> 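Take this structure, written in structure tokens, and hold onto it; I'll ask about it next.
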Amino acid sequence: MSTHAPLVTGVDFVALPTHDVEKAAEFYGETLGLRRSVLDEARHYAEFETGNLTLSIIDAEAMGLEHHVQRHEVALHVDDVAAARALLEERGVRFRGDIFDTGVCHMAFFNDPDGNALMLHHRYAPRRVEGE
């Protein structure tokens, strides 16, 4: 274990690429029900708050960057995966497979309109932290 004060104290945001900021903003705001904190079409991005992490939806190519779809899921915390999944299915979201139970959490996998991987996640067992 390090005796130094922590250098990194959190994760502020995760960027997810889109080719259509307006369409992505509708998905994250209306379909997922996240609170939008920024929509700056001139700068090609929007931000949505999840409670502890900001999802920054960016038109990477318009910003001079490469567009790479996020292939590893961003885990979105919900209190009840089955209920949240049912609501999102009513809103047109298609899930990949059944709800997965790892023995400590439930997960349901889906994609945003640009193909970025997301999941609904709920940990139901206590978290074990190394060294405790």
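Computed from a prediction, not measured in an experiment: that's the story for all the values here.
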> For the OH atom of Tyr28 and the CD1 atom of Ile57, what is their distance to the nearest 0.5 Å?
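Rounded to the nearest 0.5 Å, the OH-CD1 separation comes out at 4.5 Å.
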
> Are Arg35 and Glu47 within salt-bridge range, i.e. N to O under 4.0 Å?
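No, Arg35 and Glu47 are not salt-bridged.
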
> Check Asp80 against Ala82 and note the closest heavy-atom contact, atom names and distance.
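Scanning both residues completely, I find the closest heavy atoms to be OD1-N, 3.0 Å.
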
> As an exercise, state the distance from CG of Leu16 to CG of Leu118, rounded to the nearest 0.5 Å.
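So the CG of Leu16 and the CG of Leu118 are separated by 6.5 Å.
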
> Is it the case that more than 12 heavy atoms not belonging to Arg91 sit under 6.0 Å from its CZ atom?
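For Arg91, atom CZ is crowded (more than 12 foreign heavy atoms under 6.0 Å).
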
> Phe100, Val104: one ILVMFWY side-chain cluster at the under-4.5 Å cut-off?
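As far as the 4.5 Å side-chain criterion goes, Val104 and Phe100 are not connected within one cluster.
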
> For Thr54 and Ser56, indicate whether the former's side chain and the latter's backbone hold a donor-acceptor pair under 3.5 Å.
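Here the side-chain-to-backbone pair does not exist.
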
> Are there over 12 heavy-atom neighbours, none belonging to Glu61, within less than 6.0 Å of that residue's CD?
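Yes, because the 6.0 Å sphere around CD of Glu61 holds more than 12 heavy atoms from other groups.
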
> What heavy-atom pair brings Val69 and Gly115 nearest, and what distance separates the two atoms?
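Minimum heavy-atom separation between Val69 and Gly115: CG1-O, 3.1 Å.
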
> Which value, rounded to the nearest 0.5 Å, describes the distance between Asp112 atom CG and Lys23 atom NZ?
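Going from CG on Asp112 over to NZ on Lys23, the span is 9.5 Å.
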
> What distance do Phe13 atom CZ and Phe48 atom CZ have between them, rounded to the nearest 0.5 Å?
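One finds 15.0 Å between CZ of Phe13 and CZ of Phe48.
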
> Please evaluate residues Leu87 and Val93 with respect to the criterion side chain to side chain contact (heavy atoms under 4.5 Å, CB included), reporting the C-alpha separation (whole Å), side-chain torsions for both, the decisive distance (0.1 Å), and the verdict.
CA-CA 9 Å; Leu87 178 63; Val93 174; over 6 Å; no

> Tell me whether Leu65 shares a hydrophobic cluster with Val38, the cluster being built from Ile, Leu, Val, Met, Phe, Trp, Tyr side chains joined at under 4.5 Å.
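In one cluster: yes.
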
> Who pairs with His106 by side chain to side chain contact (heavy atoms under 4.5 Å, CB included), at least two apart in sequence or on another chain?
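Listed in chain order: Val81, Ile99, Asp101, Tyr124.
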
> Would you indicate whether Glu49, at its atom CD, is surrounded by more than 12 heavy atoms from other residues, nucleotides or ligands within a distance under 6.0 Å?
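Result for CD/Glu49: enclosed.
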
> For residues Arg71 and Ala117, report the shortest heavy-atom separation together with the two atoms involved.
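Shortest heavy-atom contact: O-CB, 3.6 Å.
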
> Distance alone, cut at 3.5 Å: any donor-acceptor contact between the side chains of Asp59 and Thr18?
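The answer is no; no qualifying pair exists.
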
> Start with the C-alpha distance between Glu90 and Arg85, add both sets of side-chain angles, then the distance that settles salt bridge (Lys or Arg N to Asp or Glu O under 4.0 Å), and finish with yes or no.
CA-CA 9 Å; Glu90 288 175 12; Arg85 177 185 173 138; over 6 Å; no

> Taking all non-hydrogen atoms of both residues into account, name the closest pair between Gly103 and Ala125 and its distance.
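Shortest heavy-atom contact: O-CB, 4.5 Å.
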
> About how many Å separate NE2 of His44 and CG of Asp20, when rounded to the nearest 0.5 Å?
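Going from CG on Asp20 over to NE2 on His44, the span is 12.5 Å.
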
> In terms of heavy-atom contacts, does CD of Glu89 have more than 12 from other residues, nucleotides or ligands at under 6.0 Å?
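Check passes, neighbour count above 12.
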
> Testing the 3.5 Å rule here: is there a donor-acceptor pair between the side chains of Arg94 and Asn111?
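No, because no side-chain N or O of Arg94 sits under 3.5 Å from a partner of the opposite role on Asn111.
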
> The criterion is side chain to side chain contact (heavy atoms under 4.5 Å, CB included); which residues satisfy it with His121, sequence neighbours excluded?
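Per chain and number, His121 pairs via side chain to side chain contact (heavy atoms under 4.5 Å, CB included) with Ala75, Cys105, Met107, Met119, Arg123.
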
> Carefully, step by step, assess Leu34 and Leu55 under the rule side chain to side chain contact (heavy atoms under 4.5 Å, CB included).
CA-CA 9 Å; Leu34 296 175; Leu55 297 178; 3.9 Å; yes

> Would you check, one step at a time, whether the test side chain to side chain contact (heavy atoms under 4.5 Å, CB included) holds for His77 with Thr50?
CA-CA 8 Å; His77 172 79; Thr50 68; over 6 Å; no

> I need the minimum non-hydrogen distance between Leu88 and Thr31, along with the two atoms involved.
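Minimum heavy-atom contact is CD2-O, 3.3 Å.
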
> Examine Val14 and Leu76 and state if one hydrophobic cluster contains both, with Ile, Leu, Val, Met, Phe, Trp and Tyr joined whenever side-chain heavy atoms are less than 4.5 Å apart.
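Linked, Val14 and Leu76 end up in one cluster.
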
> Could you pull out the closest heavy-atom pair between Asn116 and Pro17, with the gap in Å?
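Heavy atoms of Asn116 and Pro17 come nearest at ND2-O, 2.8 Å.
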
> Enter the distance from Phe109:CZ to Phe95:CZ here, rounded to the nearest 0.5 Å.
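It is 11.0 Å, given to the nearest 0.5 Å.
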
> Phe27 vs Phe110 aromatic rings, parallel, tilted or perpendicular, using cut-offs 30° and 60°?
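Tilted, since the angle between the ring planes falls between 30° and 60°.
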
